[in-house]
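These values consider heavy atoms only, across backbone and side chains, with no hydrogens, waters or symmetry-generated copies. FYI, the numbering just counts along the sequence from 1.
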Amino acid sequence: MRYKLTFVVGLALGYVIGTRAGRERYEQLRKSARQFAQNPAVRNAAESAAHNGREIAGKAFSAVSGKVGDRMPESVAERVRSLRERGANREDDWGTSNT
């Protein structure tokens, strides 16, 4: 799915950059993209994917930290802690919270 989305975005960007249709066509594409991003189904899917990604990342972190344990340098451990705290209460690009 990610590769398809990347391809479509690249295709749209290539069209916009390469076209000679002008500003009117650009604004039309921009409006369509905004409507797509504001669609509740798209927003729910993005929020669900983000939640699942955070959940899997948390499990992976637990598994790795359990195996690495005290062998991880303190500077790395502190950096991981600071990143987790910094991202705990932020909103993502979709306007949803990361909880």
Q | Set of side-chain contact (heavy atoms from CB on, under 4.5 Å) partners for N44, sequence neighbours left out | A | none

Q) When clusters are formed from ILVMFWY side-chain contacts under 4.5 Å, directly or step by step, what else is grouped with I56? A) none

Donor-acceptor pairs are to be reported for all side-chain atoms of residues 28-36 against protein atoms at under 3.5 Å, with residues two or more places apart or in another chain.
from: Q28; atom 1: OE1; to: R25; atom 2: NH1; distance (Å): 2.8
from: S32; atom 1: OG; to: Q28; atom 2: O; distance (Å): 3.2

Q: Step by step, work out the salt bridge (charged side-chain N to carboxylate O under 4.0 Å, His left out) result for E47 and R43.
A: CA-CA 6 Å; E47 185 176 342; R43 292 178 67 126; over 6 Å; no

